[in-house]
Each structure stands twice: as C-alpha cells, then as structure tokens.
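Just so you know, residue 1 is the first one in the sequence shown, and it goes up from there.
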Amino acid sequence: MNFIFDNERPIYVQLVEQLRIAVVSGAYEPGERLPSVRELALAAKVNPNTMQRALTELEGEGLIYTERTNGKFVTDDGQIITDARNKLASVKVHQYLSDMAGIGFSFEDAVNYLRENGGDE
C-alpha cells in the first residue's frame, strides 16, 4: 500500500482514511490478515504508535478486528463494509456538490457536468 500524506491534517487521521479506503475498495479482502503494526508503520514511514492509533479507530468502526495471538483482520461482515463504503461515497458526493456550488454550479448543472465529463464509466 502506498501512503501519501499532506501537512494540513493529523497523520493518524489520514492513515484512518487511507486504510478505510483500502478496506472498502477491496484492496484488503474480507477476512484477510493485515500486515503487522510495525510493517504498516514502516510502509507508511510513521511511528508504530501512530499506526496503532489509526488501527484502533478502524477497529472501533468494526472494519477490522484483532485476534489476540494472530494479528488484525478485515471484518467478514459485508454489511459493515458496504455501510462504510456508502458513508464514504456520501461524503465525496456532498463535497463535490459543495465545491461545484462554490464555483457557481447549480445542483442540476453539477450533475449534468458529471454525466458529460465523468469518463467512460
């Protein structure tokens, strides 16, 4: 996993976001064992305590769980993953519409713009 950070927000918040996206996008499959905290911290070039804080937050959301002696795993609960994906999509849609309104697009114009310029998908 390739971690990219900006200087405007706390690193652990950005870690949570990037790991959440990895889970909901399927980069980490349901039931898959995650790399160790140390491995993830090395990959992200962050302190292991920072990575642990991010993972604890994801665990609180139910996206991952810990097996005491085996490590951390992605949840097998597809509904939790779907709910997290939908919540993330909602945030992205609202941000897009807000950004478009900020440059003078009505809701209808923003939707039409997306239809016309959204690519082949």
Problem - Stepwise side-chain contact (heavy atoms from CB on, under 4.5 Å) test for R38 and Q52 - result: CA-CA 9 Å; R38 289 194 185 284; Q52 181 60 49; over 6 Å; no
Handout entry: Cluster check F5, L42: I/L/V/M/F/W/Y, side chain < 4.5 angstrom
Key = no
Handout entry: Partners passing ring pair (Phe, Tyr, Trp, His ring centres under 6.0 Å) against Y96 (at least two apart in sequence or in another chain)
Key = none
Practice task
Grab the two heavy atoms, one from M51 and one from A41, that are nearest each other, plus how far apart they are.
Solution key: CE-N, 3.9 Å
Exercise for the section: Mind checking the CG-CD spacing from D76 to E32? Nearest 0.5 Å is all I need. Expected result: 11.0 Å
Practice task
Indicate yes or no: at least one non-hydrogen side-chain atom of K45 is less than 4.5 angstrom from one of I11.
Solution key: no
Practice task
Could you please spell out the steps behind the side-chain contact (heavy atoms from CB on, under 4.5 Å) verdict for I81 and V23?
Solution key: CA-CA 7 Å; I81 294 172; V23 170; 4.3 Å; yes
Practice task
Could you please spell out the steps behind the side-chain contact (heavy atoms from CB on, under 4.5 Å) verdict for Q14 and F3?
Solution key: CA-CA 9 Å; Q14 295 176 68; F3 293 93; over 6 Å; no
Problem - Same apolar cluster (I L V M F W Y, side chains within < 4.5 Å links), F73/I80 - result: no
Practice task
Using a cut-off of 6.0 Å, state whether more than 12 heavy atoms not belonging to R53 lie near its atom CZ.
Solution key: no
Exercise for the section: Identify the two heavy atoms, one from V24 and one from A84, that lie closest to each other, and give their separation to 0.1 Å. Expected result: CG1-CB, 3.7 Å
Exercise for the section: Determine whether L15 and E57 make a side-chain contact, defined as any pair of heavy atoms from C-beta on separated by less than 4.5 Å. Expected result: no
Problem - Nearest atoms (heavy-atom pairs only) where N2 meets Q18 - result: O-OE1, 4.0 Å
Exercise for the section: For residues L40 and V46, determine if any side-chain heavy atom of one lies less than 4.5 Å from a side-chain heavy atom of the other. Expected result: no
Problem - Test applied, side chain to side chain contact (heavy atoms under 4.5 Å, CB included); reference residue, Y28; option that passes from L63, I64, V74, I21 - result: V74
Exercise for the section: Using only heavy-atom distances, determine whether the side chains of H94 and S90 contain a donor-acceptor pair under 3.5 Å. Expected result: yes
Exercise for the section: Please assess E61 against D83 for the test side-chain contact (heavy atoms from CB on, under 4.5 Å), listing each intermediate value before the final yes or no. Expected result: CA-CA 11 Å; E61 294 175 14; D83 290 347; over 6 Å; no
Pair up each side-chain donor or acceptor in residues 102-111 with any protein partner under 3.5 Å, not counting sequence neighbours, and list the distances.
unit_1	atom_1	unit_2	atom_2	d
S106	OG	D109	N	3.0
S106	OG	D109	OD2	3.2

Practice task
Could you tell me whether Y65 atom OH has more than 12 heavy atoms of other residues or ligands within 6.0 Å of it?
Solution key: yes
Problem - Donor-acceptor pair between N112 and E116 side chains, under 3.5 angstrom - result: no
Handout entry: Pairwise distance OG1(T56) to OH(Y12) - rounded to 0.5 angstrom
Key = 11.0 Å
Exercise for the section: Run the salt-bridge test on R33 and E67 with the 4.0 Å N-O cut-off and return the result as yes or no. Expected result: no
Practice task
May I ask you to decide if D77's main-chain N or O and T75's side chain share a donor-acceptor pair within less than 3.5 Å?
Solution key: yes
Problem - Shared hydrophobic cluster, V93 / L88 (ILVMFWY, side-chain heavy atoms < 4.5 Å) - result: no
Exercise for the section: Could you tell me which non-hydrogen atom of R9 sits nearest to which non-hydrogen atom of V13, and how far apart they are? Expected result: NH1-CG1, 4.0 Å
